[in-house]
Amino acid sequence: MEIYSTLTRSKEDFVTINDNRVNLFVCGPTVYDDAHIGHGRTYISFDTIKRYLEYKGYAVFYIQNVTDIDDKIINRSKESGIPSDELARKFEKRYREDMAKLNVNGVNLFARATDHMPEIIDQIQRLIDKGFAYETEDGVYFEIDTFDEFGKLSNRNVEELESHREIAETTKKNHQDFALWKKREGVDEPTWPSPWGDGRPGWHIEDTAITEYYFGEQYDVHGGGLDLIFPHHEAEITQMEAVSGKSPMVRYWLHTGFLNVNGEKMSKSLHNFITIRELLESYEPDTFRFFVLSTHYRSPIDFSKDSLHQSERSLERIRKFYEQLDVEVGDETYECDALAPHMKEFFDSMDDDFNTPKAIAAIFGLINDTKNELDDLSGEEKMAIKAFLDDASHILGVSFESEEVNAGSDDLLNLISEVRSELRANKQYDLSDKIRDNLQSLGYEIND
RNA sequence: GGCAAGUUUACCGAGUGGCUAGGUGUGUGGCUGCAGACCAUAAUACGGGGGUUCAAGUCCCUCACUUGCCUCCA
């Protein structure tokens with residue numbers, strides 16, 4: 001299996017640190033508002049990656065941090081009058097509800113920043129002790145001049161960055177030095193005691209404190225959105241490798257591409273901000289999930305109603321095919337010659353940096369190859385196909401079961417259907433068509 | 001200005017030098033009273049210009065354009 005890592009900008013063989021164990025960390029949300037469909041894209045991608053690793057036999061431990069203390073939360077708290085901890089809990093809860101609806105359920109541990117203050121403070125103290133960080137009157141900062149490799153993930157160097165220096169902030173030695181600890185500024189903000197006085201942690205330190213605590217100094221995979229490469233992930237590498245003296249902190253850096261809306265970046269000022277909740281008012285979660293997986297996780301993806309509709313139709317085709325496999329699958333393994341090449345393509349594609357669009361194409365290849373010969377296949381062959389589709393469905397996290405609208409189960413619908421049949425027999429098509437149209441607008445489909 | 005990712009047929013979207021990606025949409029035919037669904041079938045490609053090669057969407061150079069990051073951001 002090969003995985004593309006941002007650090008080396010190339011695909012590399014996937015080799016874990018400890019046998020079949022994979023320690024996976026993904027940057028979670030800052031919980032100050034509802035999650036949007038861009039978050040959805042990212043977390044669906046990593047959920048699918050985790051599902052696939054588990055399918056391959058790895059024991060994956062997936063941690064996501066929850067940033068529940070941050071400027072944005074404090075500001076929102078002041079605006080709304082809701083205490084910041086209450087606000088953070090509320091949106092964390094809503095975030096997890098949204099994820100559950102999208103069938104994103106692979107996270108083993110949600111680690112809140114505020115639950116890891118001792119680890120955060122301890123890591124900062126060690127950075128100071130080792131001479132990588134210094135205290136000023138308003139906080140504790142990492143001194144990037146002490147760490148030569150700052151910039152290796154994002155391909156930047158300090159000199160270039162300095163050309164963008166704005167008005168110097170007085171307490172920092174260097175403009176690029178980033179905060180590890182921010183000292184209290186006012187009375188109405190949440191603080192924690194520390195050796196440097198009351199205050200709160202900087203944004204980057206929570207992640208390395210959490211991963212060091214649960215995974216140790218080095219681990220396998222770190223993921224997040226493309227926009228986190230700089231400065232966030234760069235700072236993480238800097239902190240962790242400085243404190244541990246070991247490199248690399250992470251073997252594989254995975255970054256998801258952005259989700260744009262109608263070709264534009266999603267932003268509040270453009271009024272094209274779509275939350276997961278809003279989306280799910282109009283679309284099935286599986287449709288969105290299938291839409292996301294129809295593009296490679298690293299590529300940008302353009303969200304539009306038209307694209308979502310295409311995904312809806314594509315998924316329908318798979319479901320119709322699946323419905324025709326009128327067999328029950330047991331625990332045995334089954335053989336089917338017609339399936340083999342498509343199954344191979346599916347798994348080869350997934351092995352190639354989780355190429356879900358290609359894997360999905362393999363499913364369609366299977367459908368096109370076998371849809372007309374299903375009656376000629378043996379029960380065992382059909383079971384093989386069904387077992388494969390069940391696996392694929394589970395890996396992708398998208399159900400291939402049709403939404404059951406069973407006319408036969410409902411007496412009233414049966415009656416209407418019978419009346420319509422009589423009308424058709426009598427060639428009263430205007431009336432029968434009216435019934436059909438009305439039933440369709442109610443969400444019922446008629447197959448004559 | 002620096003860094004990064006892109007530019008594939010109507011649209012979405014894979015493509016690891018030579019063999020049909022796939023989907024959606026559209027056309028045509030079949031089935032239908034009609035429509036849908038379904039079945040069959042067809043068409044439309046690799047941003048421009050150079051180069052390497054027996055052979056390039058795929059490698060190299062160059063130009064153009066798009067997007068993102070460089071400040072919080074999934």
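Lettering follows sequence order; numbering is per chain, from 1. Just so it is clear, the structure is predicted and the values come from calculations on it, not from any experiment.
- The interatomic distance linking I69(A) (CD1) with C72(B) (P) rounds to 17 Å, in whole Å.
- Across all strands shown, G224(A) has heavy atoms under 4.0 Å from sugar-phosphate atoms exclusively, and none from any base.
- Counting any heavy atom pair closer than 4.0 Å across all strands shown, I229(A) reaches no nucleic acid atom.
- Taking side-chain N and O atoms only, N155(A) has a distance below 4.0 Å to OP1 or OP2 of A4(B).
- Residue K371(A) places at least one side-chain N or O under 4.0 Å from the OP1 or OP2 atom of A40(B).
- Atom P of nucleotide C70(B) and atom NZ of K152(A) are separated by 21 Å, given to the nearest angstrom.
- Taking atom P on both C60(B) and U44(B), the two are 30 Å apart, rounded to the nearest angstrom.
- With D177(A) contributing its side chain and N174(A) its backbone, the two residues share a donor-acceptor pair below 3.5 Å.
- Across the interface with RNA chain B, nearest-nucleotide mapping of C27(A) and A362(A) shows A362(A) to be the residue nearer the 5′ end.
- Ring orientation note: the planes of W253(A) and H233(A) are tilted relative to one another, at an angle of 30° to 60°.
- Using a 4.0 Å heavy-atom cutoff across all strands shown, Y43(A) reaches sugar-phosphate atoms only and no base atom.
- Side-chain polar atoms of D207(A) and H222(A) form no donor-acceptor pair below 3.5 angstrom.
- Checked against the 6.0 Å centroid criterion, the rings of Y4(A) and Y297(A) do not qualify as a close aromatic pair.
- Phosphate proximity of A37(B) to K320(A): absent, as no side-chain N or O sits under 4.0 Å from OP1 or OP2.
- A straight line from NE2 of H204(A) to P of A74(B) spans 13 Å, rounded to a whole angstrom.
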Footprint string (nucleotides 24-36 of chain B, 5' to 3'): B base within contact, S backbone only, - free, heavy atoms under 4.0 Å: BS-------BBBB

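- Not one N or O on the side chain of N108(A) forms a donor-acceptor pair closer than 3.5 Å with the backbone of I63(A).
- In this structure C3(B) sits in a base pair with G68(B), meeting the Watson-Crick or G-U test at under 3.5 Å.
- OP1 or OP2 of A14(B) sits under 4.0 Å from a side-chain N or O of S299(A).
- The C1' atoms of U7(B) and G49(B) are separated by 16 Å, rounded to the nearest whole Å.
- A donor-acceptor distance shorter than 3.5 angstrom exists from the side chain of S45(A) to the backbone of R41(A), with no hydrogens or angles considered.
- Across the strands present, A40(B) finds its partner in U28(B); the criterion is a Watson-Crick or G-U wobble pair with both atom distances under 3.5 angstrom.
- Between F150(A) and F230(A), the ring-plane angle classifies as perpendicular under the 30° and 60° cut-offs.
- Taking atom P on both nucleotides, A4(B) is separated from U62(B) by 14 Å, rounded to a whole Å.
- In this structure, CD1 of I301(A) is placed 14 Å from C1' of A14(B), rounded to the nearest angstrom.
- Ring centroids of F46(A) and Y62(A) are separated by 6.0 Å or more, keeping the two rings apart.
- Comparing the same atom, C1', in A45(B) and in A21(B) gives a spacing of 13 Å after rounding to whole Å.
- To the nearest whole angstrom, the two C1' atoms, one in A74(B) and one in A14(B), are 24 Å apart.
- Counting non-hydrogen atoms of neighbouring residues, nucleotides and ligands closer than 6.0 angstrom, the CD atom of E373(A) exceeds 12 such neighbours.
- If you take NE2 of H233(A) and P of A4(B), they are 19 Å apart, rounded to a whole angstrom.
- By the 30° and 60° cut-offs, the orientation of the rings of H39(A) relative to H36(A) is tilted.
- Using a 4.0 Å heavy-atom cutoff across all strands shown, N368(A) reaches sugar-phosphate atoms only and no base atom.
- For R9(A), taking side-chain heavy atoms from C-beta onward, the closest of the listed nucleotides C72(B), A5(B), A74(B) is A5(B).
- Rounded to whole Å, atom P of G13(B) lies 11 Å from atom CG of L259(A).
- Nearest to the side chain of T42(A), among A74(B), C39(B), G68(B), sits A74(B).
- Sequence order on RNA chain B of the closest nucleotides to D352(A) and S307(A) puts S307(A) first from the 5' end.
- The side chain of P357(A) has A14(B) as its nearest neighbour among A14(B), G22(B), A74(B).
- Atom name C1', nucleotides C31(B) and U67(B): the rounded distance is 47 Å, in whole Å.
- Rounded to a whole Å, the CG atom of L254(A) is 18 Å from the P atom of A74(B).
- Across C70(B) and U53(B), the matching C1' atoms stand 40 Å from one another, rounded to whole Å.
- With distances taken from any side-chain atom of H36(A) to the nucleotides G22(B), A74(B), A14(B), the minimum falls on A74(B).
- Rounded to an integer number of Å, the gap from CD of E316(A) to C1' of C38(B) is 13 Å.
- Within the 4.0 Å cut-off from OP1 or OP2 of G15(B), at least one side-chain nitrogen or oxygen of N355(A) is found.
- Nucleotides A42(B) and G51(B), compared at atom P, are 36 Å apart to the nearest Å.
- Pairing of C34(B), defined by two Watson-Crick or G-U wobble distances under 3.5 Å, is not identified with any nucleotide.
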